[in-house]
Trainee: 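Just passing along the structure, written as structure tokens.
Values below: all heavy atoms of this structure, side chains included; hydrogens, waters and symmetry mates excluded.
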Amino acid sequence: IKDGKFIFASVIQEPVRVTLNLENKENNVRFFIEPGDMKIVLYHDDFKNYELSGSKTQEEMNLLREMFDPVFDRMGILRKQEVIIRDSIRNSTSITQREKFEKMLGETIHQRYKANEDQDSVTLKFAKEHPNSYVAPRYLFRLVEFDKIDLETLKSIFEDFGTPIQNSEYGKRIDEH
């Protein structure tokens with residue numbers, strides 16, 4: 001870093017997700033770099049509020065995050081609710097109360113599993129709607145890793161990916177499955 005600026009030059013074949021941090025690992029940011037000119041503005045103590053231009057892949061990642069936001073918000077609420085219910089179970093003095101809380105806990109866990117399924121649905125929707133995005137195979141591969149997608153659906157989506165996407169790092173990982 002010189003005069004508050006830096007230049008990073010490298011040869012890459014496809015978008016790559018990188019992490020930048022300064023002085024401590026808590027002040028960091030992750031984003032996609034890709035072939036071409038890019039510009040990032042970072043604030044010394046607040047890397048999370050960076051400004052990036054020149055990365056189509058990061059724009060697609062931001063779109064996917066926006067699609068995930070309602071699901072993640074619901075998951076956060078359910079996790080907090082689960083903690084409160086578990087505390088109530090531990091602190092309940094009557095069997096009737098405990099049984100009521102245990103039933104509530106079961107319902108909350110079921111809702112959290114449903115939210116996980118909704119997250120998977122968002123991933124599939126994004127992959128289908130963005131067959132030329134390097135983000136799509138990266139997140140689709142997560143479904144493959146956790147056996148959350150059947151082979152026919154995977155093949156159908158993968159076949160719609162553009163050739164560069166099929167030949168990308170994550171495209172190859174999917175193809176190997």
Trainee: Taking side-chain contact (heavy atoms from CB on, under 4.5 Å) as the test, write out the residues that go with K56, two or more places apart.
Mentor: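 Partners of K56 by the side-chain contact (heavy atoms from CB on, under 4.5 Å) criterion, ordered by chain and then number, come out as E34, E60.
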Trainee: Check salt bridge (Lys or Arg N to Asp or Glu O under 4.0 Å) between R86 and all other residues, then give those that pass, not counting sequence neighbours.
Mentor: E82
Trainee: If every non-hydrogen atom of A127 is compared with every non-hydrogen atom of A136, which pair is closest and at what distance?
Mentor: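 Answer, listing the atom of A127 first, then A136: CA-CB, 3.8 Å.
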Trainee: Without placing hydrogens or testing angles, list every side-chain donor-acceptor pair under 3.5 Å for residues 160-168, not counting sequence neighbours.
Mentor:
unit_1, atom_1, unit_2, atom_2, d
Q166, NE2, F158, O, 2.8
Q166, NE2, F161, O, 3.3
N167, ND2, T163, O, 3.3
S168, OG, I165, O, 2.7
S168, OG, G171, N, 3.1

Trainee: Quick one: salt bridge (charged side-chain N to carboxylate O under 4.0 Å, His left out) pairs with a partner in residues 133-153, sequence neighbours left out?
Mentor: D120-K148
Trainee: Between F47 and V18, is there a shared hydrophobic cluster once you connect ILVMFWY residues whose side-chain heavy atoms come closer than 4.5 Å?
Mentor: yes
Trainee: For the pair K114 and D118, evaluate side chain to side chain contact (heavy atoms under 4.5 Å, CB included) and give the outcome as yes or no after the intermediate values.
Mentor: CA-CA 6 Å; K114 175 71 174 100; D118 291 347; 2.8 Å; yes
Trainee: Does anything in residues 89-103 pair up under salt bridge (charged side-chain N to carboxylate O under 4.0 Å, His left out), and if so which pairs, sequence neighbours excluded?
Mentor: D87-R90
Trainee: Let me see the working for L124 and I149 under side chain to side chain contact (heavy atoms under 4.5 Å, CB included), right down to the final yes or no.
Mentor: CA-CA 9 Å; L124 290 172; I149 185 171; 3.6 Å; yes
Trainee: Could you tell me whether K125 and E129 make a salt bridge, using a distance below 4.0 angstrom between a side-chain N and a carboxylate O?
Mentor: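 Yes, charged N to carboxylate O under 4.0 Å.
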Trainee: Determine, step by step, whether K39 and L52 satisfy the side chain to side chain contact (heavy atoms under 4.5 Å, CB included) criterion, reporting the C-alpha distance in whole Å, the side-chain angles of both residues, the deciding distance to 0.1 Å, and the verdict.
Mentor: CA-CA 6 Å; K39 180 180 178 182; L52 178 68; over 6 Å; no
Trainee: Heavy atoms only: give me the nearest S133-P137 pair and the separation to one decimal.
Mentor: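 Looks like O-CD, 3.1 Å.
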Trainee: Ignoring hydrogens, what is the shortest heavy-atom contact between L78 and A115? Give both atom names and the distance.
Mentor: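 For L78 versus A115, the nearest heavy atoms are CD1-CB, 4.5 Å.
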Trainee: Measure from the side-chain N and O atoms of N21 to the backbone N and O of N27, and report whether any donor-acceptor pair falls under 3.5 Å.
Mentor: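 No; judged by distance alone, with no hydrogens or angles, the pair does not exist.
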Trainee: V71: which other cluster members, linking ILVMFWY side chains closer than 4.5 Å, directly or transitively?
Mentor: F32, M61, L63, L64, M67, F68, F72, M75, V122, F126, V135, Y139
Trainee: Could you work out the complete set of other residues in the hydrophobic cluster of I95, with links drawn between I, L, V, M, F, W and Y side chains under 4.5 Å apart?
Mentor: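 Besides I95, the cluster holds no residue at all.
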Trainee: Is there a path of hydrophobic side-chain contacts, each under 4.5 Å between heavy atoms of I, L, V, M, F, W or Y residues, that connects V144 with I157?
Mentor: yes
Trainee: My understanding is that a hydrophobic cluster links ILVMFWY residues whose side chain heavy atoms are under 4.5 Å apart, including indirect links. Using that, what else belongs to the cluster containing I109?
Mentor: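 Hydrophobic cluster check, I109: joined to I85, I89, F101, M104, L105, Y113.
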Trainee: Please report the interatomic distance CZ(R17) to CZ(R30), rounded to the nearest 0.5 Å.
Mentor: 4.5 Å
Trainee: Can you measure from CG (L143) to CG (L154) and round to the nearest 0.5 angstrom?
Mentor: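 The distance works out to 9.0 Å.
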Trainee: Please report the interatomic distance CG(L151) to OG(S156), rounded to the nearest 0.5 Å.
Mentor: 11.0 Å
Trainee: Test question: given the 4.5 Å side-chain rule for I, L, V, M, F, W and Y, name all other residues clustered with V41, or answer none.
Mentor: Y43
Trainee: Regarding N62 and Q58, is there a side-chain donor-to-acceptor distance under 3.5 Å anywhere?
Mentor: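 On atom types as modelled, these side chains qualify, holding a pair under 3.5 Å.
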Trainee: List the steps, then state whether side chain to side chain contact (heavy atoms under 4.5 Å, CB included) holds for I33 with F31.
Mentor: CA-CA 7 Å; I33 61 172; F31 58 92; 3.5 Å; yes
Trainee: Hey, could you give me each pair passing salt bridge (charged side-chain N to carboxylate O under 4.0 Å, His left out) that has a residue in residues 41-50? Not counting sequence neighbours.
Mentor: none
Trainee: Crowded around Q13 CD? As in, over 12 foreign heavy atoms under 6.0 Å?
Mentor: no
Trainee: Going by the rule salt bridge (Lys or Arg N to Asp or Glu O under 4.0 Å), which residues pair with K128 if we only count those two or more places apart in sequence or in a different chain?
Mentor: none
Trainee: For R173, enumerate each residue passing the salt bridge (Lys or Arg N to Asp or Glu O under 4.0 Å) test, keeping only those at least two apart in sequence or located in another chain.
Mentor: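 Partners of R173 under the salt bridge (Lys or Arg N to Asp or Glu O under 4.0 Å) test: E169.
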Trainee: Hydrophobic cluster membership, with links at side-chain heavy-atom distances under 4.5 Å among I/L/V/M/F/W/Y: are M38 and V16 in one?
Mentor: yes
